[in-house]
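Here is the structure we will look at, set down as structure tokens.
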2 protein chains.
Amino acid sequence: MKDTGINATFKGCGLKNTKSRLAILDILERSVQPVSAEQIFLELKEKNISANLSTVYRTLDKLTEKKLVTKLQITGDSRALFEYNRMVHKHYLICLECKKITAIESCPLGDYVKALARETDYSIAGHRLDIYGFCPDCRKKD
Amino acid sequence: MKDTGINATFKGCGLKNTKSRLAILDILERSVQPVSAEQIFLELKEKNISANLSTVYRTLDKLTEKKLVTKLQITGDSRALFEYNRMVHKHYLICLECKKITAIESCPLGDYVKALARETDYSIAGHRLDIYGFCPDCRKKD
DNA sequence: TTTAAAAATGCAATTCATTCGCATTTGCAT
DNA sequence: ATGCAAATGCGAATGAATTGCATTTTTAAA
Ligand SMILES: [Mn+2]
Ligand SMILES: [Mn+2]
Ligand SMILES: [Zn+2]
Ligand SMILES: [Zn+2]
């Protein structure tokens, strides 16, 4: 298993260092797309580090809680997806055909959100922007 | 039961006119906040038009399919919410404390989405923007 | 107005993702 | 090495939503 940089171990965030926990974070770190608990469960099995599905869920909870991982609820997918948290504010472009998720690491909403806070007198804590469409690949196949 | 304007009956959209279906659309039309299937189920019971919960779900499916109603998946709520579709593009401002949902009937993303389509070569079908924060009322109580 | 087919409904059972209880095991500080 | 909290496995439970099927209702046609 590869050393995951700053997070080689879980010391410092109050989590114990277990084989499956390290493996799960590793899978998440290398994954180019967000993954579900079930997918992680299966990947672990392939790597012969198999963990129980409830353990996978519990681990993902912990990692999310510690902000090492981000939990995504994409409309149209009944399962939650998880991705390694690289500490970048981002939005998602989702292909309605192949379900591919592309991160957009820019945000058009900075000023808008400030203005909205003023107008509504809310204190704004965050936002979520998902954009839906059809990717070039899927568009070709028509 | 009040005549719901253009949708006094379901003729023209291929749905049969049943008591519970009319009542459900009526509840949705009058509701100031989006509502869950369960809430509708309970409101129906109060009005002595009680329908089975599966009927409520099936009806909401149909209404959503016919675009008379919009289905919302708000992060942090395990249930789906439904609202009468007034054919207005909108976004939501959600209070993390009291869960109040405020519709925002303006969109800051028009040009951005067009630019994104060009950059990414996606054909963009839609988007979803939810903004999270704390409403004035909840902020006072601190 | 009767009639027949299609659509809608009630009810119970089922699905699916996720969570929980509890006995056992493991990691880690001492 | 020892002890204790944390983590795990396993099976059962949860909760929202869906489904199968028998029965009822709606609607259009006769
Ligand atoms: Mn943003
Ligand atoms: Mn918009
Ligand atoms: Zn695609
Ligand atoms: Zn509030």
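Each chain gets a letter, A, B and so on, in the order its sequence line appears, and its residues count up from 1.
- What you find for B:Y92 and B:I104 is that their closest heavy atoms are C-CD1, 4.4 Å.
- The shortest non-hydrogen separation linking B:R86 to B:E29 is NH2-O, 2.7 Å.
- For the pair A:E65 CD and C:dT19 P, the interatomic distance rounds to 12 Å; values are reported in whole Å.
- Not one N or O on the side chain of A:S31 forms a donor-acceptor pair closer than 3.5 Å with the backbone of A:I27.
- Straight-line distance from the CZ atom of A:R79 to the P atom of C:dT19: 15 Å, rounded to whole Å.
- Classified by interplanar angle (parallel below 30°, tilted 30° to 60°, perpendicular above 60°), the ring pair B:H91/B:H127 is tilted.
- Between the CG atom of B:L53 and the C1' atom of C:dT14 there is a distance of 15 Å, rounded to whole Å.
- Not one side-chain nitrogen or oxygen of A:S54 sits closer than 4.0 Å to the OP1 or OP2 atom of C:dT19.
- The CG-C1' distance, from A:D61 to C:dC20, rounds to 12 Å in whole Å.
- At least one side-chain nitrogen or oxygen of A:Y57 sits closer than 4.0 Å to the OP1 or OP2 atom of C:dT18.
- Judged by distance alone, the side chains of A:Y84 and A:T70 never bring a donor and an acceptor atom under 3.5 Å apart.
- In this model, the phosphate group of C:dT9 is approached by a side-chain N or O of B:S20 to a distance below 4.0 Å at OP1 or OP2.
- Note on A:D137 versus A:K141: no salt bridge recorded, every NZ/NE/NH1/NH2 to OD/OE distance being 4.0 Å or above.
- When the side-chain nitrogen and oxygen atoms of B:T59 are compared with OP1 and OP2 of C:dT9, one or more of them lie within a distance under 4.0 Å.
- Comparing B:F82 and B:R58 against DNA chain D, the residue whose closest nucleotide sits nearer the 5' end is B:F82.
- No donor-acceptor distance shorter than 3.5 angstrom exists from the side chain of B:R128 to the backbone of A:R128, with no hydrogens or angles considered.
- One N or O donor and one acceptor, one from the side chain of B:K16 and one from the base of C:dA6, sit under 3.5 Å apart.
- A:K19 places its NZ atom 10 Å from the P atom of C:dT26, with the value rounded to the nearest Å.
- Whole-Å rounding puts the B:L15 CG to C:dA7 C1' distance at 10 Å.
- Rounded to whole Å, atom P of C:dA23 lies 17 Å from atom CG of A:N52.
- Protein chain A contacts DNA chain D over a range whose 5' and 3' limits, counting nucleotides with an atom under 4.0 angstrom from a non-hydrogen atom, are D:dA5 to D:dG11.
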